Amino acid sequence: MSAAAEASYRVPLLLRGEIVEGGDMAFGGRRGGVSFTAPDVAGHLGKLVLSTPSRMADIAGLPFAEIERFLAALGERLDPATNPHLAEAFALACHTSGLSRSLLVEYYRGIPGMLQPDAVRDVAERMVGLDYLNGWVEQPRGRNRHGTLRIRAVGSRAVHIIAGNVPVVGVATVLRNAITRSDAIIKTPSNDPLTAAAIVRTMIELDPGHPITRHTSVAYWKGGDARIEDALYDPRRIEKIVAWGGFAGIRHLTQYLQPGLDLITLDPKHSSSLIGPEAFADEATLHEVALRLALDIGTMNQEGCVNARVIYVLSGTDPAGLERANRLGAATYAALQRLPDSVSTPHKAFDRDLREEIAALAFVPDAYRVFGGQGNEGALIVSQDGAPVDFARQLACRVGNIVPIDRVEEAILSVNAYTQTIGIYPDRLKASVRDRLAWQGAQRLVSLGGAGLDQTPGPQDGIEPLRRMVKWITDEDLGAETFAPFRAGQEPR
C-alpha cells in the first residue's frame, strides 16, 4: 500500500470565510489508491448558497485596485515551501495526478505569478473589459438618435465544477470569480480535492471578512448526490454552472437546466496537428518540426485537452511519402525522450488498455510502424494506410499517431465539434486553412509546438468563459423627444 493510501487526508468545507471540519464522510480517489474524508455538504446547504442576490453588494462595490491588492497578497502566501495547506495538496497530487512530481513542482511554483497585478489586469481587460467590469459604458448612438444605452458586466452566483488534471484550474477559478465580482461555490474533483481548498483556506487566514473570501466557498461531494444537487442547482440559488466535467457529468447536469440557469461547459476535447510538406525540406527542418511536435504531444504528459493525439502529415502515402512520415515518427520519439523533466516525463501510470492496444499493433506490421512503447516512455505510431488507429480516442501517456495524407482536405474533414487545439506547421499553412478549420469545429489554432505553452488570455473551447460568467445589464435613457410623436398623435418613426 502506498504512503498516500495509508495517510489520512481531510478535505475541509470552506463556507464564506469559515472552516468546517468534522461530520466526515469517506470518499475514494480516482488514482493512487487514495481515500479522504470531507464534511457532508448536505447539512450546510443553508449557508453554502446565497439565496439573496442583494448580498453581493459588498463584492460588487469593490474597487478593482482592491481586488488586485488582495489577490497579490494572497499570491505571496502561496509558496508550497512555506504554505502547509498547499504543501499537503502537492503531496496528495504526487499520488493522484497524472503529472509527475517534477511537473507538479513547476505548476505549484507558478501559482503566485497568476495572481500578480499585471496578470490579473491582463485577464480582466482581455477577457471581459475593465470598463464594463468597473462601471456603465455608454454605447454609440443607434437608430434612436435621442436615446442613450449603457452596458455593465455584473457578477453572478455560480457553481464551478472544476477539473483535476492540472492544479492551476483551482487558482484560475478563484481569479475569475474575483475579477468578475461574483459568488463562487467550487466543487473540487476527487483526483485533486485539496489544491483549491488550500488556496481558499489561505484566503481565510489572510482576511476571513474580505468580500472576495466571503463570496468563495469550496466543497467536495460525490457527483450525482441528489440530496445536494437537487437543492443547489436551482435558479433561485445560483445563476450559472461552470462545468469542466466529462461527457457523463455534463449530460447529468443538463437535467437541471431551466430558465434562469445557464450551463457553461468546458468539456473534454481532443487536439491534433497538421504538418505541411515543408517539414521535409532538409534534416535540420525535420528535427525542428519533430521537437515542436514532441512538445505538443508531451507537455503536461499529454494530460491536457490541448495535447496532440492524431497528427496529419502531408508527406504523401506512396512508399516515399510513408518513409518521410516514418522518419518524422522516429525523430519525434527521440525528441520526446529529450524533453526536460519540468516539461514532460515518462508517464507514472501508463494506461493498461492503451499498452495492450499498442502491443497488438505488432501483429499488423504492414499497417503500422511503432517507435517506442516498450515501457512508460511514450510512443509514436505511424499509420501506413492513411487512417488513424481505431483507438485514437484512447491516446494518452505521451502516445501520438502520425497519419500520412496526400491532400490537406483529409485533415480538415477530420475536425469536428470535439476538436480543440490544432498545432500547424508552417504558419503560412495555418493562414490558408484556418477559416475551413473553424467552420468544421476547430476552436484554437496555434503554431506547431505552442499547444501547451503559456498563452495570451483569450477564448477557451470556442467560448469566452468570463463573458459568460457575468450578466450583461443594460441601462437605457430614451430621451423626451422619443415620445413626442405619441403626444402629437402621430405614428412613431
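If you're wondering where the values come from, they're calculated on a predicted model, not measured in any experiment.
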**Study point:** K269 side chain reached by T419 side chain, heavy atoms, under 4.5 Å
**Key:** no
Review point. Side chain of S182, backbone of G155: donor and acceptor closer than 3.5 Å?
Key: no
Review point. What residues form a side chain to side chain donor-acceptor pair (under 3.5 Å) with E288, not counting sequence neighbours?
Key: R292
**Study point:** Close side-chain approach of L99 to M300, heavy-atom, < 4.5 Å
**Key:** yes
Point to revise | Any residue meeting side chain to side chain contact (heavy atoms under 4.5 Å, CB included) with R369, in chain and number order, not counting sequence neighbours | key: N326, F371, V382, Q384
Study note, to complete from the structure: When every non-hydrogen atom of G400 is compared with those of I297, the smallest separation belongs to CA-CD1, 4.3 Å
**Study point:** Side chain to side chain, H287 and V289, heavy atoms closer than 4.5 Å
**Key:** no
Review point. Which pairs with one or both residues in residues 121-140 pass ring pair (Phe, Tyr, Trp, His ring centres under 6.0 Å), sequence neighbours excluded?
Key: Y132-W472
Exercise for review: Verify the neighbour count for atom CZ of R150: are there more than 12 heavy atoms of other residues, nucleotides or ligands below 6.0 Å?
Suggested key: yes
Exercise for review: Measure across A411 and I405 and return the closest heavy-atom pair with its distance rounded to 0.1 Å.
Suggested key: CB-CD1, 3.9 Å
Study note, to complete from the structure: Quick note, salt bridge (charged side-chain N to carboxylate O under 4.0 Å, His left out) partners involving residues 271-282, not counting sequence neighbours, are E278-R428
Review point. So which pairs with a foot in residues 326-345 pass salt bridge (charged side-chain N to carboxylate O under 4.0 Å, His left out), sequence neighbours left out?
Key: E283-R327
**Study point:** Spatial distance of atom CZ (R468) from atom OG1 (T265) [nearest 0.5 Å]
**Key:** 7.5 Å
Review point. Which is it for L175 and L115 under the side chain to side chain contact (heavy atoms under 4.5 Å, CB included) test, yes or no, and what are the steps along the way?
Key: CA-CA 7 Å; L175 170 63; L115 300 177; 4.3 Å; yes
Point to revise | Check: E464 side chain, V128 main-chain N or O, donor-acceptor pair, under 3.5 Å | key: no
**Study point:** N177 side chain to H215 backbone, donor-acceptor under 3.5 Å
**Key:** yes
Atom pairs and distances, side-chain donor-acceptor, residues 103-114, under 3.5 Å, sequence neighbours left out:
from: Y108; atom 1: OH; to: T195; atom 2: OG1; distance (Å): 2.7

Practice item. Mind running side chain to side chain contact (heavy atoms under 4.5 Å, CB included) on K348 and R101 for me, showing each step along the way? Key: CA-CA 10 Å; K348 65 182 185 181; R101 182 185 182 88; over 6 Å; no
Review point. Is the backbone N or O of L395 less than 3.5 Å from a side-chain atom of R309, with the two atoms forming a donor-acceptor pair by type?
Key: yes
Exercise for review: Identify, with sequence neighbours excluded, every residue that meets side chain to side chain contact (heavy atoms under 4.5 Å, CB included) alongside S271.
Suggested key: Q420, T421
Review point. What are the two closest heavy atoms between S383 and V403, and how far apart are they?
Key: OG-CG2, 4.1 Å
Review point. Looking just at side-chain N and O atoms, do T96 and N191 make a donor-acceptor pair shorter than 3.5 Å?
Key: no
Review point. Are S100 and S102 close enough that a side-chain donor and a side-chain acceptor fall under 3.5 Å?
Key: no
**Study point:** Residues E303, H347; criterion side chain to side chain donor-acceptor pair (under 3.5 Å); working and verdict
**Key:** CA-CA 10 Å; E303 289 285 305; H347 204 285; 2.9 Å; yes
Practice item. Using atom types as modelled and distance alone, determine if a side-chain donor or acceptor of E377 lies under 3.5 Å from a backbone N or O of Q374. Key: yes
Exercise for review: State whether the side chain of E239 and the backbone N or O of P235 hold a donor-acceptor pair below 3.5 Å, judged by distance alone.
Suggested key: no
Check your understanding: Mind checking whether I275 and I311 have side chains closer than 4.5 Å, heavy atoms only?
Key -> yes
Check your understanding: Cation over ring, K222 on F27, under 6.0 Å and within 45°?
Key -> no
Exercise for review: Using side chain to side chain contact (heavy atoms under 4.5 Å, CB included) as the criterion, list what pairs up with D353, not counting sequence neighbours.
Suggested key: D351, E356, Q394
Study note, to complete from the structure: Tightest non-hydrogen contact, residues R467 and V470, listed as O-CG2, 3.4 Å
**Study point:** Atom pair CZ (R324) and CD1 (I402), whose distance is rounded to the nearest 0.5 Å
**Key:** 13.5 Å
Review point. Measuring from L293:CG to T332:OG1, what's the distance to the nearest 0.5 Å?
Key: 4.5 Å
Check your understanding: CD/Q255 to CG/D230 distance, rounded to the nearest 0.5 angstrom?
Key -> 7.0 Å
Review point. Where do R152 and D475 land on the salt bridge (charged side-chain N to carboxylate O under 4.0 Å, His left out) test, with the steps shown first?
Key: CA-CA 8 Å; R152 181 166 189 174; D475 169 22; over 6 Å; no
Review point. Which pairs with one or both residues in residues 397-422 pass salt bridge (charged side-chain N to carboxylate O under 4.0 Å, His left out), sequence neighbours excluded?
Key: R407-E409, E409-R436
Review point. What's the verdict on side chain to side chain donor-acceptor pair (under 3.5 Å) for H252 and E229, showing C-alpha distance, side-chain angles and the deciding distance?
Key: CA-CA 11 Å; H252 167 72; E229 296 179 353; 2.7 Å; yes
Review point. Which pair of non-hydrogen atoms, one from A325 and one from P404, has the smallest distance, and what is that distance?
Key: CB-CG, 3.6 Å
**Study point:** salt bridge (charged side-chain N to carboxylate O under 4.0 Å, His left out) partners of residues 163-183, not counting sequence neighbours, each pair once
**Key:** R16-D183
Review point. Can you check side chain to side chain contact (heavy atoms under 4.5 Å, CB included) on F280 and V313, steps first, answer last?
Key: CA-CA 10 Å; F280 306 100; V313 181; 3.6 Å; yes
Check your understanding: Atom OG in S217, atom NE2 in H160: separation rounded to 0.5 Å?
Key -> 11.0 Å
Study note, to complete from the structure: Those residues at least two apart in sequence (or on a different chain) that pass salt bridge (Lys or Arg N to Asp or Glu O under 4.0 Å) with R141 are none
Check your understanding: With a 4.5 Å heavy-atom cut-off, do S190 and Y220 have their side chains touching?
Key -> yes
Practice item. Start with the C-alpha distance between L361 and F391, add both sets of side-chain angles, then the distance that settles side chain to side chain contact (heavy atoms under 4.5 Å, CB included), and finish with yes or no. Key: CA-CA 11 Å; L361 299 182; F391 54 93; 4.1 Å; yes
Exercise for review: Measure the shortest side-chain to side-chain distance between Y425 and L429 over non-hydrogen atoms and say whether it is less than 4.5 angstrom.
Suggested key: no
Check your understanding: Do the non-hydrogen side-chain atoms of F64 and V120 ever get within less than 4.5 Å of each other?
Key -> yes
Check your understanding: In Å and rounded to the nearest 0.5 Å, what is the OG to CG distance from S344 to N307?
Key -> 8.5 Å
Review point. Is the shortest distance from a Lys or Arg side-chain nitrogen in R121 or D118 to a carboxylate oxygen in the other one below 4.0 Å?
Key: no
Review point. At their closest point, which heavy atom of D296 faces which heavy atom of G423, and how far apart are they?
Key: OD2-CA, 3.9 Å
Exercise for review: Please tell me if the side chains of V169 and T173 come closer than 4.5 Å, counting only heavy atoms from C-beta onward.
Suggested key: yes
Review point. Among all residues two or more places apart in sequence or in another chain, which pass the salt bridge (Lys or Arg N to Asp or Glu O under 4.0 Å) test with D461?
Key: none
Exercise for review: Could you check whether the rings of Y233 and W221 sit parallel, tilted or perpendicular, using 30° and 60° as the cut-offs?
Suggested key: tilted
